[in-house]
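These notes concern the structure reproduced below.
The sequence lines fix the lettering, A, B, ..., with proteins before strands; numbering per chain opens at 1. These values consider heavy atoms only, across backbone and side chains, with no hydrogens, waters or symmetry-generated copies.
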Amino acid sequence: MPELPEVETIRAALDPLLRGRLVTAARAHPSAKFSAAPGAIGHRVEGVRRRGKYLLVDLEPAAGTDAGAGRRELVVHLGMTGQLGPDLARDDPHTRAWWELDDGGHLTYRDVRRFGRIAVVPHGDHRSLPTLAALGPEPFGPDFTPEGLWRALARSRARVKTQLLGQRVVAGVGNIYADEALWRAGIHPGARRVGPSRAERLHAAVRHVLAAGLANGGTTLRDYRTVTGEPGRHQDALACYGRAGRPCPRCGALLRRAVVDGRGTTWCPTCQRT
DNA sequence: GGCTGGCCCTGTACGC
DNA sequence: TGCGTACAGGGCCAGC
């Protein structure tokens, strides 16, 4: 399940491959989730950015083409099982879209469970993507501060894990890194009140676990692969997620698992407090 | 307007 | 061996 470290790893690899390339052709699965992909035809790639878990490919109309006026953005969300790469087979039954490039290469989007999404929008216009439009601060940016996190969490009585997954208090955290950050901060995922000192610990924990995931090239539990097809390495460094029934690395108590607001959740019953 | 829960989707694991 | 069922979860949306 690609979260910020996985998406950023993909972005960093895609940017040099796509920058400056002209999209000459495209094909997409008829589902409304993917059918917008050909909207990139006739545009040249200015660069590949990331916002939260979204990949944003900046497009400018190429001279001499009949592409619509104005810059566009190709927005790609990988969902649960999305993969992007130059070497994925276009005739794979799970390929949902592909784009042909003017250097003879192509970019293929494969998504087994079809939880991902592709959109082509006027540049900067995210009204059709409400989660992207309302995204909270980037975790490594200056807008993500301990006090800002505390204030954002205090505005809602929803469980702290649910708030982390909602992308509004901070962008890019998914189920794995939410469990890891809450474990590191010593906060129970079901907590509904987080004071300033705990918010400060959570702020540091979010940055720590995302940076560690990024340094390890992401977490591969099943589907995630880098652009070159390699698995990530962070799965071996997880302290909490997916380790229910095994000892807490901090206190030795057995980690527990339950469903919190519909998401599988692992936590330590001893050192994570509500 | 905020919170909660259901739905989408398909491969895998497991029980019978 | 084959079938049925449960499960995984990000984003969206309906209902409360």
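- Residue A:Arg192 is classed as a sugar-phosphate contact, given heavy-atom separations below 4.0 Å to backbone atoms only.
- Contact annotation: A:His94 does not reach the phosphate of B:dC9 (side-chain N/O to OP1 or OP2, under 4.0 Å).
- With rounding to whole Å, A:Leu129 atom CG is found 13 Å from C:dG10 atom C1'.
- Look at OH on A:Tyr177: it is 16 Å from C1' on C:dG10, rounded to the nearest Å.
- Ion pair A:Glu180/A:Arg184 not flagged as a salt bridge, since none of the NZ, NE, NH1 or NH2 atoms sits closer than 4.0 Å to an Asp/Glu carboxylate oxygen.
- Regarding A:Gln163, its CD atom lies at a distance of 11 Å from the P atom of B:dG2, rounded to whole Å.
- No more than 12 heavy-atom neighbours from other residues, nucleotides or ligands sit within 6.0 angstrom of CZ on A:Arg168.
- Nucleic acid contact class of A:Asp111 (heavy atoms, under 4.0 Å, all strands): none.
- No engagement by A:Gly262 is indicated, since no non-hydrogen atom pair under 4.0 Å with the nucleic acid exists.
- In the set B:dG11, C:dG11, B:dT4, B:dG11 carries the atom at the smallest distance from any side-chain atom of A:Val112.
- Residue A:Tyr241 places its side chain closer to C:dA8 than to any other of B:dT10, B:dC3, C:dA8.
- For A:Arg155 and B:dG1, the CZ to C1' distance is 14 Å, given to the nearest whole Å.
- In this model, the phosphate group of C:dG11 is not approached by any side-chain N or O of A:Lys33 to a distance below 4.0 Å at OP1 or OP2.
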CA sep, side-chain torsions, deciding dist, call: A:Gln83, A:His94, side chain to side chain donor-acceptor pair (under 3.5 Å): CA-CA 10 Å; A:Gln83 298 174 324; A:His94 300 118; over 6 Å; no
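- Atom CG of A:Leu78 and atom C1' of C:dA8 are 17 Å apart (whole Å).
- Comparing C:dG11, B:dT4, C:dA8 by their closest approach to the side chain of A:Arg113 singles out C:dA8.
- Evaluation of atom-type donor-acceptor distances gives a pair under 3.5 Å for the side chain of A:Arg263 against the base of C:dG10.
- Here the nucleotide nearest the side chain of A:Arg159, chosen from B:dT4, C:dC13, C:dA8, is B:dT4.
- Counting to the nearest Å, the C1' atom of B:dC3 and the CZ atom of A:Arg157 are 12 Å from each other.
- Between A:Asp261 atom CG and C:dA8 atom P there is a gap of 15 Å when expressed in whole angstrom units.
- For the side chain to side chain contact (heavy atoms under 4.5 Å, CB included) with A:Leu149, the qualifying choice from A:His203, A:Gln163, A:Arg198, A:Glu200 is A:His203, the only one to do so.
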Candidate pair A:Asp102 and A:Arg44, rule side-chain contact (heavy atoms from CB on, under 4.5 Å), full reasoning: CA-CA 9 Å; A:Asp102 63 343; A:Arg44 196 173 291 281; 3.6 Å; yes
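- The side chain of A:Leu165 lies closest to C:dG10 when the candidates are B:dC3, C:dG10, B:dC9.
- In this structure, the NE2 atom of A:His29 is 16 Å from the P atom of B:dC8, given to the nearest Å.
- Out of B:dC3, B:dT10, C:dG10, the shortest distance to the side chain of A:His77 is found at C:dG10.
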